[in-house]
Amino acid sequence: MKIPTNSVSPSDFIRDIIGEDIKTNKYDGRVHTRFPPEPNGYLHIGHAKSICLNFGIAKEFGGLCNLRFDDTNPTKEQAEFVESIIGDIRWLGFDWEDRLFYASDYFDKLYEFAVQLIKKGKAYVDSLTPDEIREHRGTLTEPGRESPCRNRSVEENLDLFERMRAGEFEDGAYVLRAKIDMSSANLNMRDPVMYRILHATHHRTGDKWCIYPTYDFAHGQSDSIEGITHSICTLEFEDHRPLYDWFLDQLDIHHPRQIEFARLNLSRTILSKRKLRQLVEEGYVNGWDDPRMPTISGFRRRGYTPEAIRDFCERIGVAKNESTIDIALLEHYIRQDLNKRATRVMAVLRPLRLVIDNYPEDSVEELVAINNPEDAGMGTRKVPFSRVLYIERDDFREPPPKKWFRLAPGREARLKHAYIIKCERVVRDEKTGEVIELHCSYDPETKSGEAKAGRKVKGTLHWVSAAHAIDAEVRLYDHLFLKENPDDVGEGSDFRANLNLHSLETLTACKVESSLAGAKPGSRYQFFRLGYFCVDPDSSDGKLVFNRTVSLRDTWAKIEEALRNG
RNA sequence: UGGGGAGUCGUCCAACGGGCAGGACACAGGACUCUGGAUCCUGGUAUUGGGGUUCGAAUCCCUGCUCCCCAGCCA
């Protein structure tokens with residue numbers, strides 16, 4: 001059976017531009033993109049959008065896509081993040097072959113570029129302090145003032161820059177600046193910093209350097225060096241484009257075309273590395289791969305598939321319009337994918353003991369269960385049935401509400417793959433009144449699959465045989481934030497005020513069918529009538545732990561809510 | 001009040017040089033169902049305001065309004 005992918009014909013303004021460039025033979029008809037993460041955190045679903053875009057476009061147009069780490073700031077970057085990013089992109093299903101690069105690969109070249117600009121009189125070493133530089137920059141409405149160092153001689157600049165590199169100065173003592181225009185309306189053109197002194201160990205170059213290029217001085221040239229044709233980035237870099245153009249023009253080197261698009265925003269989700277890091281560091285979640293995190297590794301652990309994430313990224317489109325996607329759309333795609341491929345099993349999350357009084361005491365039947373009604377090729381399995389079972393507490397109500405199809409005193413329901421039963425008697429705890437056991441009768445004529453199983457009942461319940469079931473822990477997840485927009489907070493407060501304190505519910509007394517014994521971490525199932533679940537790596541030989549990836553759509557919950565609201 | 005961007009159903013995205021505003025999700029109703037799942041029908045709501053040009057404007061012109069980004073030696 002074919003796994004459906006969403007083949008929306010991918011067309012958007014970026015692909016249109018590239019198609020046009022191919023038609024006019026710009027860049028000799030080549031298409032070469034890149035995904036340029038900074039290794040200062042884990043990748044999230046917003047990065048997935050960019051990854052799918054860059055790798056997707058390259059593939060569609062018969063081009064290439066590089067992976068390049070923009071590692072120009074050793075104080076924030078770590079090898080750990082490089083590893084996780086590489087793993088995440090692979091998991092998403094993309095391949096950069098031998099084209100794994102680092103901006104730090106180009107540090108020598110970038111240094112030469114800087115020297116070139118100094119020699120051209122287009123860059124100078126400034127001894128102003130950070131505060132002074134800020135003051136000289138002017139404001140949004142007022143022009144800046146030129147630094148007194150702006151007219152140093154080329155020789156002096158060369159000497160100072162060399163000594164910066166040699167480690168003669170403290171952090172912050174000097175910077176190298178481009179000499180452009182202090183009165184430009186675009187603040188990025190007001191003599192931006194190209195190099196700063198940072199006595200820090202770099203995750204790749206170690207202590208070779210104590211000066212590092214800024215992103216602005218490294219990014220465009222890195223793209224140029226790699227022969228990138230289309231540099232796709234997010235909207236906030238629109239203002240930087242004239243600066244990148246200026247560097248490329250002054251250096252007279254290959255000139256990629258930069259195209260900006262709107263980054264992804266998701267409702268009830270935060271997609272800012274800084275804030276995600278805060279959630280991790282302040283212990284609101286259990287690490288970057290906590291299944292509640294919108295990181296790729298979080299989604300992976302939660303049970304999402306790469307296919308679902310790719311379909312989602314394709315469907316949301318690409319535009320320059322800032323927008324927020326409804327998280328329900330992402331959930332739709334994981335349900336769609338898992339519906340087609342997940343094995344159905346029975347698991348009872350909140351067990352209620354049920355005794356079938358007229359069923360033979362020591363008898364055990366092996367009933368045939370279909371693994372996936374969406375895919376006959378997935379076959380069948382046997383599930384044991386016996387006199388004492390567990391069903392979901394939620395499947396019994398007394399008194400039954402309107403439109404209730406499940407069990408209630410005197411009511412009938414079908415046990416999936418088994419028999420129709422009738423609720424005859426309810427046992428309650430004398431003190432609390434809590435229902436602790438149900439006594440039922442079964443109709444032997446109604447066995448599933450038998451020719452005369454004929455009779456219809458509205459409700460079908462899942463169950464496990466008490467004697468055969470295995471214990472499991474199940475972790476239920478809800479959105480991390482209560483508000484659609486987590487940043488919607490009052491003065492003096494921040495996104496943490498909108499955190500959902502009940503985003504994780506751990507159930508430790510769950511009972512799952514015996515076929516799940518030995519299930520491997522990462523395996524995905526549909527727990528019948530409940531949702532999609534995935535075995536968590538926390539599982540051990542004797543203890544299964546499941547994460548709920550996403551619940552099934554719950555029509556009854558809607559009906560009940562409608563009833564409540566009259 | 002400088003510069004750069006953006007405004008189409010509830011939410012996203014379409015409508016390629018003016019020609020019936022379409023799809024997905026969400027929502028509502030129904031059919032079907034041994035998952036209140038899936039599937040299948042059906043339905044509603046949108047062009048930022050105001051002026052023009054035109055037989056005809058989301059699209060062209062003028063003029064407002066709203067929102068986002070920029071004053072890191074972050075990316």
Side-chain angles (χ1 to χ4, degrees), chain A residues 6 8-9 11-12 16 36-38 40 70 72-73 75-77 126 128-130 133-135 137-144 171-172 174-177 184-190 192-198 211-212 214-216 218-219 233-242 260 262 267 273-274 315-333 335-336 339-340 344 346 370 373-374 403-406 413-418 420 446 448-449 453 456-462 484 526-531 551-560:
Chain A
N6 245 326
V8 282
S9 60
S11 178
D12 51 67
D16 288 349
E38 184 193 12
N40 69 340
D70 271 340
T72 55
N73 186 347
T75 66
K76 296 192 172 172
E77 295 147 8
D126 200 347
L128 254 29
T129 66
I133 287 181
R134 191 181 323 118
E135 284 163 29
R137 187 152 31 226
T139 67
L140 293 179
T141 50
E142 297 158 18
D171 285 9
Y174 292 96
V175 288
L176 182 71
R177 293 229 255 168
S184 172
N186 181 347
L187 297 261
N188 295 122
M189 302 300 269
R190 320 243 264 227
V193 171
M194 296 161 56
Y195 265 92
R196 66 298 210 193
I197 301 172
L198 246 30
I211 58 171
Y212 292 92
T214 57
Y215 174 85
D216 277 344
H219 189 79
C233 64
T234 42
L235 253 26
E236 68 270 28
F237 293 106
E238 226 155 2
D239 284 347
H240 296 240
R241 185 166 12 106
E260 307 86 4
S267 63
K273 270 196 209 169
R274 201 203 95 231
R315 172 46 85 178
I316 56 178
V318 186
K320 296 193 74 155
N321 197 11
E322 298 219 44
S323 56
T324 302
I325 309 284
D326 190 339
I327 185 88
L329 187 62
L330 215 209
E331 293 169 349
H332 162 76
Y333 280 110
R335 285 192 186 106
Q336 177 180 274
N339 175 51
K340 293 288 188 289
R344 271 62 168 170
M346 295 197 285
I370 293 168
E374 300 290 325
K403 300 187 181 175
W404 180 256
F405 298 161
R406 284 117 93 154
R414 171 172 290 283
L415 294 176
K416 181 69 184 178
H417 309 307
I420 292 175
T446 58
S448 293
K456 303 264 184 200
V457 285
K458 276 280 197 178
T460 301
L461 312 183
H462 60 277
E484 294 257 315
Q526 185 197 94
F527 284 2
F528 210 76
R529 299 207 303 139
L530 296 174
S551 66
L552 251 28
R553 290 189 63 211
D554 190 349
T555 304
W556 165 247
K558 282 178 192 165
I559 293 170
E560 198 171 31

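What you see below is based on every heavy atom in this structure, not just the backbone, and it leaves out hydrogens, waters and symmetry mates. Keep in mind it's a predicted model, so treat the numbers as computed, not measured. In the text below, chain A, chain B and the rest are named by the order of the sequence lines, each starting its count at 1.
Annotation: B:U8 and B:G4 have their C1' atoms spaced 23 Å apart (nearest Å). The gap from the C1' atom of B:A28 to that of B:U45 amounts to 12 Å, rounded to the nearest Å. Between B:C16 and B:A31, the distance separating the two P atoms is 41 Å to the nearest Å. Only the C1' atoms considered, B:C9 is 12 Å distant from B:G23, to the nearest whole Å. Nucleotides B:G10 and B:U53 are separated by 35 Å at their C1' atoms, to the nearest Å. The gap from the P atom of B:C60 to that of B:G7 amounts to 12 Å, rounded to the nearest Å. B:G3 and B:U11 have their P atoms separated by 31 Å, with the value rounded to a whole Å. B:A21 and B:U47 are spaced 12 Å apart, taking the P atom of each and rounding to whole Å.
Distance, A:N339 CG to B:G37 C1': 7 Å, rounded to whole Å. Separating the CG atom of A:L330 from the P atom of B:A26 is a distance of 12 Å, rounded to the nearest angstrom. B:C27 atom P lies 11 Å from atom CD of A:E331, rounded to whole Å.
Looking at which nucleotide of RNA chain B each of A:G459 and A:D16 is closest to, the 5′-most match is held by A:D16. Both A:I559 and A:K320 lie near RNA chain B, and the one whose nearest nucleotide falls closer to the 5' end is A:K320.
Ranking B:C27, B:G36, B:C25 by closeness to the A:A328 side chain, first place goes to B:C25. For A:F528, the side-chain atoms get nearest to B:U35 when compared with the rest of B:C13, B:U11, B:U35. Of the candidates B:G36, B:G37, B:G4, the closest approach to any side-chain atom of A:R344 belongs to B:G37. Side-chain atoms of A:H332 lie closest to B:A26 of the nucleotides B:U8, B:C34, B:A26. When distances run from any side-chain atom of A:R553 to the nucleotides B:C13, B:G36, B:C27, the shortest one goes to B:C27.
Between A:N40 and A:N73 there is no side-chain heavy-atom pair separated by less than 4.5 Å.
Phosphate contact (OP1/OP2 of B:C27, side-chain N/O of A:K558, threshold under 4.0 Å): present. At the phosphate of B:U8, OP1 or OP2 sits under 4.0 Å from a side-chain N or O atom of A:N321. For the pair A:K456 and B:C34, the criterion of a side-chain N or O lying under 4.0 Å from OP1 or OP2 is met. Here A:S267 does not reach the OP1 or OP2 of B:U11: none of its side-chain N or O atoms lies under 4.0 Å away.
Using a 4.0 Å heavy-atom criterion, one finds that A:L552 contacts the bases of the nucleic acid, with or without backbone contacts as well. If you check every strand for non-hydrogen atoms under 4.0 Å, A:R406 touches a base. Residue A:H219 is classed as having no contact, given no heavy-atom separation below 4.0 Å to the nucleic acid. Within 4.0 Å of A:S184, counting heavy atoms only, lies no atom of the nucleic acid at all. Using a 4.0 Å heavy-atom distance criterion, A:T141 is classed as a base contact. Note on A:Q526: a base of the nucleic acid sits closer than 4.0 angstrom, heavy atoms only. Residue A:K416 is in base contact, counting any heavy-atom pair closer than 4.0 Å across all strands shown. Looking at heavy-atom distances under 4.0 Å, A:V318 makes contact with sugar-phosphate atoms alone, never a base.
Distance alone, capped at 3.5 Å, is enough to place a donor-acceptor pair between the A:S267 side chain and the A:I327 backbone. A distance-only check finds a donor-acceptor pair linking the side chain of A:R190 to the backbone of A:S184 [under 3.5 Å]. Counting only distance, with no hydrogens or angles, the side chain of A:D12 and the backbone of A:A319 share no donor-acceptor pair below 3.5 Å. Counting only distance, with no hydrogens or angles, the side chain of A:R335 and the backbone of A:G531 share no donor-acceptor pair below 3.5 Å.
Residues passing the side chain to side chain donor-acceptor pair (under 3.5 Å) test with A:E77: none are found, sequence neighbours excluded.
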Check your understanding: So what is the 5' to 3' dot-bracket string for RNA chain B, if pairs are Watson-Crick or G-U wobble with both distances under 3.5 Å, crossing pairs use [ ] and | means the partner sits on another strand?
Key -> .((((((..((((.....[..)))).(((((.......)))))....(((((..]....))))))))))).....
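Residues A:R414 and A:S448 have side chains that bring a donor and an acceptor to within less than 3.5 angstrom of each other.
Anti is the classification of B:G49, since its glycosidic angle lies more than 90° from 0.
Remark: A:K458 NZ is loosely packed, at most 12 non-hydrogen atoms of other residues, nucleotides or ligands lying under 6.0 Å away.
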Review point. Quick one: what's the B/S/- string for nucleotides 66-75 of chain B, heavy-atom cutoff under 4.0 Å, read 5' to 3'?
Key: --SBBBSBSB
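Taking the six-membered ring where tryptophan is involved, the planes of A:H219 and A:F237 are essentially parallel, since the angle between them stays under 30° and well short of 60°.
Distance check, rounded to the nearest 0.5 Å: CD of A:E135 to OG1 of A:T129 gives 7.0 Å.
In this structure, A:E38 does not pair ionically with A:K76, as no charged nitrogen and carboxylate oxygen lie closer than 4.0 Å.
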